[in-house]
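Protein chains get the first letters and strands the later ones, always in sequence-line order, with residue 1 at the start of each. All values below come from the heavy atoms of this structure, side chains included, with hydrogens, waters and symmetry mates left out.
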Number of protein chains: 4
Amino acid sequence: MAETRGTSGPDSARRSERSRRAIYDAALTLVGEVGYGRTTIEGIAARAGVGKQTIYRWWPSKGAVLLEAFLDLGDRAARAAGGGEAAYEIPDTGDLEADLKTVLRATVDEMNDPVYEAPSRALAAEGIADAELGAEFTRKLLEPSLRLYARRLGAAREAGAVRREIDLDVALELLVGPLAHRWLLRTLPLTHEYADAVVEYALYGLAPRP
Amino acid sequence: MAETRGTSGPDSARRSERSRRAIYDAALTLVGEVGYGRTTIEGIAARAGVGKQTIYRWWPSKGAVLLEAFLDLGDRAARAAGGGEAAYEIPDTGDLEADLKTVLRATVDEMNDPVYEAPSRALAAEGIADAELGAEFTRKLLEPSLRLYARRLGAAREAGAVRREIDLDVALELLVGPLAHRWLLRTLPLTHEYADAVVEYALYGLAPRP
Amino acid sequence: MAETRGTSGPDSARRSERSRRAIYDAALTLVGEVGYGRTTIEGIAARAGVGKQTIYRWWPSKGAVLLEAFLDLGDRAARAAGGGEAAYEIPDTGDLEADLKTVLRATVDEMNDPVYEAPSRALAAEGIADAELGAEFTRKLLEPSLRLYARRLGAAREAGAVRREIDLDVALELLVGPLAHRWLLRTLPLTHEYADAVVEYALYGLAPRP
Amino acid sequence: MAETRGTSGPDSARRSERSRRAIYDAALTLVGEVGYGRTTIEGIAARAGVGKQTIYRWWPSKGAVLLEAFLDLGDRAARAAGGGEAAYEIPDTGDLEADLKTVLRATVDEMNDPVYEAPSRALAAEGIADAELGAEFTRKLLEPSLRLYARRLGAAREAGAVRREIDLDVALELLVGPLAHRWLLRTLPLTHEYADAVVEYALYGLAPRP
DNA sequence: TCGTAAACGAGACGGTACGTCGCGTCTTTAT
DNA sequence: ATAAAGACGCGACGTACCGTCTCGTTTACGA
């Protein structure tokens with residue numbers, strides 16, 4: 001009992017799992033093949049062998065479908081990799097600079113991976129224009145990652161590698177902001193060297209003054 | 001030298017200046033009124049009192065129209081303000097930190113100005129998704145501004161306020177990257193305090209080691 | 001037997017009868033109001049309160065729409081008039097000349113009726129230029145009428161009022177050809193007297209030689 | 001003096017003959033190649049190497065261009081054939097039936113000639129729909145031919161081969177109406193046998209009663 | 001012989017309609 | 001009740017031509 005009755009939304013208990021999967025697959029495939037702009041809901045439905053209404057019943061927009069498909073993709077990848085639970089965590093070897101370089105280099109690789117590039121650029125673009133979707137994008141995809149940085153930097157602050165008065169939210173953006181800038185705006189190539197330089201410059205700015 | 005001969009495009013010498021202006025105005029107005037997504041080429045044409053073909057003849061896409069309209073807006077503003085020439089320059093009072101705070105605070109204000117927000121977010125989003133347009137966006141709008149930072153930082157490096165080995169392209173992204181990040185992804189409010197903090201943290205990272 | 005299977009055209013079982021009717025009405029009204037040339041598919045759709053695609057889904061051209069609308073008009077008129085079935089038949093009073101004069105005079109009246117004139121001229125013109133449409137026009141509108149003449153002339157031949165060796169297809173065109181000629185090419189006024197003269201001259205040519 | 005001054009139309013004395021010819025040629029060629037419906041004024045102008053305005057200056061419509069082009073074609077053909085003047089005349093060997101069969105068989109051949117078919121069908125269709133153009137079509141192309149029939153039939157009436165009271169305008173339509181009918185409406189093949197039958201049936205109807 | 005006014009080629013322009021695509025809704029039929 | 005299928009009203013797309021309107025450039029005439 002005790003469902004949110006009265007809202008008269010569709011009954012998610014009776015939802016077809018096979019359709020959901022087919023829609024995720026079709027959406028990601030199409031975005032990869034023809035790009036986000038030329039991906040259509042009709043196209044996704046046709047490719048998934050699904051009625052249009054089945055998409056409209058469960059998602060409010062094309063962007064929302066893709067966002068969920070993308071999240072699902074990440075989940076599956078994590079489940080496959082992590083075996084189970086802990087999924088992602090920034091390593092803590094005690095050497096903050098080395099740890100951040102490792103992570104940011106991995107981030108650079110992911111950003112340059114053509115498989116992820118098309119859908120994530122599309123989602124970012126859509127999120128920039130559409131505040132609603134952008135909030136969901138940020139909440140579900142971005143913030144979990146950013147919190148990992150905050151945690152690692154917090155640990156470093158405890159350990160004395162970062163000044164006490166540093167605002168961690170600003171600090172982490174000092175690290176990821178430059179990378180995002182280069183990726184989104186394609187100003188210059190996004191390389192490991194760039195990631196290293198960002199870490200070095202930024203960390204020195206955050207370190208305790210002698 | 002040679003004109004782009006043989007491409008046999010339309011004859012820009014015979015182009016109607018009045019139509020161009022009307023299209024810029026209509027485009028900006030509509031984006032302001034109904035947003036970029038609901039702005040259509042048909043709508044721009046109608047509002048401008050212009051045939052659709054006159055738009056398609058001179059621009060390849062809605063985004064391109066808006067980009068030019070936006071550039072033109074900037075030009076006109078600059079011409080009105082600067083009286084003539086020098087236009088934009090980052091001040092150099094000798095105090096790098098103060099100068100950068102001034103500029104980044106102004107940038108924050110501009111990013112928060114609802115008049116500029118709609119079209120520039122739309123352009124950024126479009127440029128992220130469409131590499132072609134993105135390149136033009138970067139080249140015409142972004143790079144000129146970024147070069148000003150590079151120049152100011154170069155002067156600071158000469159003056160000994162920045163380490164010799166610092167890569168200026170990385171340094172400037174350490175400053176603007178975090179701002180762009182917050183603006184584009186709406187993670188947290190974009191305030192003067194944030195700009196100040198970014199400048200402080202970053203500059204300390206760039207300063208000569210004692 | 002077999003339906004046209006595999007062609008995967010639209011499913012006519014799900015066709016909206018109300019749209020069909022509205023389109024017929026709009027088409028006929030518009031042709032009456034502004035003429036065939038200035039009647040557009042867009043106009044028909046707007047007037048009928050229907051999407052353009054609903055027209056393009058079911059008809060290949062403006063002419064085809066009007067032809068069906070016209071046929072439907074005839075059907076409805078026939079159904080209203082005839083009460084049911086027998087509809088049109090050339091009378092057979094035994095006096096061939098009188099019977100033909102009656103029918104041809106009625107035809108003249110119809111041709112001169114401004115209500116029918118606009119659409120039927122338009123259809124004739126379209127059919128002359130477009131062989132495909134012309135065939136349909138002929139098959140659905142013209143031939144049924146012409147067969148009535150053939151039947152009546154056949155009866156007359158049995159009765160000895162027409163020579164045995166006369167080719168009925170030629171004979172009937174001797175009657176209707178001149179009327180059509182005058183109507184289509186507007187050489188001279190199309191009157192009852194003209195119809196009578198045609199019948200007299202032609203019948204004398206077909207009658208048994210003394 | 002005494003020009004039609006004040007009408008301020010273009011000065012036909014300064015008209016470019018080479019353009020006129022090029023336009024005729026282009027028009028006829030295009031109608032032959034793509035049909036009348038897909039022939040456009042822009043297309044004619046481009047093909048003729050002529051500005052659009054040069055067409056609009058001298059003709060009111062596409063149909064008018066084609067009509068003149070067609071008349072000119074006839075004129076040139078006649079001039080080439082007739083050597084000079086008399087051009088067309090229905091022969092008068094004293095045998096009306098034979099003479100008419102000769103002429104109508106030639107007419108049948110012309111109607112079946114694919115070179116003439118496209119433009120003349122187009123003109124006929126246009127003339128049927130557009131009364132203005134139709135009148136010009138009839139006056140310039142049709143009536144001259146029909147008058148030849150009237151003359152020949154008049155001679156026959158003088159010679160006693162046609163009844164005195166016969167109306168020649170009706171009589172000639174008894175001959176050409178059936179042919180036009182078959183040609184325009186494509187009811188049945190248009191053959192020499194058909195022409196012969198029409199002549200026989202019709203003439204018997206016109207002949208003096210024994 | 002030369003100026004000058006026209007006709008001319010070229011094609012940009014404001015429009016209208018085209019035929020197509022995709023949207024989001026709705027209806028029908030079959031699980 | 002959900003789902004596949006797809007017709008529907010609608011709005012915008014990008015294109016094709018329309019007929020009008022400049023633009024220089026011939027070109028033929030009349031001074």
What's the [atom1]-[atom2] distance between [X] and [N], to the nearest Å?
X       : N      : atom1 : atom2 : value
C:Arg14 : F:dG9  : CZ    : P     : 13 Å
B:Leu30 : F:dA12 : CG    : C1'   : 14 Å
D:Ile55 : E:dA7  : CD1   : P     : 16 Å
D:Ile44 : F:dG19 : CD1   : P     : 11 Å
A:Tyr36 : E:dG22 : OH    : P     : 14 Å
D:Arg20 : E:dA7  : CZ    : P     : 14 Å
D:Asp11 : E:dT4  : CG    : C1'   : 14 Å
B:Arg18 : E:dA12 : CZ    : C1'   : 14 Å

Within 45° cone of C:Phe70 ring axis and under 6.0 Å: C:Lys140 NZ or CZ:
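No cation-pi geometry.
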Q.
Could you check whether B:Arg15 makes a cation-pi contact with B:Trp59, meaning its NZ or CZ is under 6.0 Å from the centre of the six-membered ring and within 45° of the ring axis?
A. yes
Determine: side-chain N/O of A:Ser19 to OP1/OP2 of F:dT2, distance under 4.0 Å, yes or no.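 It does not, given that no N or O in the side chain of A:Ser19 lies less than 4.0 Å from OP1 or OP2 of F:dT2.
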So, is B:Trp58 near the phosphate of E:dC13, with a side-chain N or O under 4.0 Å from OP1 or OP2? yes
Looking at [X], I want to see if its [atom1] is surrounded by more than 12 non-hydrogen atoms of other residues, nucleotides or ligands under 6.0 Å.
X        : atom1 : answer
C:Glu132 : CD    : no
B:Arg21  : CZ    : yes
D:Glu33  : CD    : yes

Check your understanding: Do C:Leu66 and C:Leu28 have side-chain heavy atoms sitting under 4.5 Å apart?
Key ->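 Answer yes - side chains close enough.
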Notebook entry, point to check: Below 4.5 Å, heavy atoms only, C-beta onward: do C:Ser12 and C:Trp58 meet side chain to side chain?
Noted result: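 Yes, their side chains come closer than 4.5 Å.
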- request: Pick base, sugar-phosphate or nothing for B:Arg15, based on heavy-atom distances below 4.0 Å to the nucleic acid.
  value: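 Sugar-phosphate, no base atom in range.
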* Tell me which of D:Glu17 and B:Arg57 sits closer to the 5' end of DNA chain E, going by the nucleotide each one is nearest to. =>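 The residue mapped nearer the 5' terminus is D:Glu17.
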Looking only at E:dG9, E:dA7, E:dG14, the nucleotide nearest the D:Thr54 side chain is E:dG9
Let's see if you can work this out: which of E:dA5, F:dG9, F:dA4 has an atom nearest to the side-chain heavy atoms of C:Val50?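 Selected nucleotide (nearest to the side chain): F:dG9.
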Please write out the pairs of protein N or O atoms and N or O atoms of nucleotides 13-17 of chain F separated by less than 3.5 Å, giving the distance to one decimal.
unit_1 : atom_1 : unit_2  : atom_2 : d
F:dC13 : OP1    : B:Ile41 : N      : 3.0
F:dC13 : OP2    : B:Ile41 : N      : 3.4
F:dC13 : OP2    : B:Glu42 : N      : 2.9
F:dG14 : OP2    : B:Tyr56 : OH     : 2.5
F:dG14 : O5'    : B:Tyr56 : OH     : 3.4
F:dG14 : N7     : B:Lys52 : NZ     : 3.0
F:dG14 : O6     : B:Lys52 : NZ     : 2.7

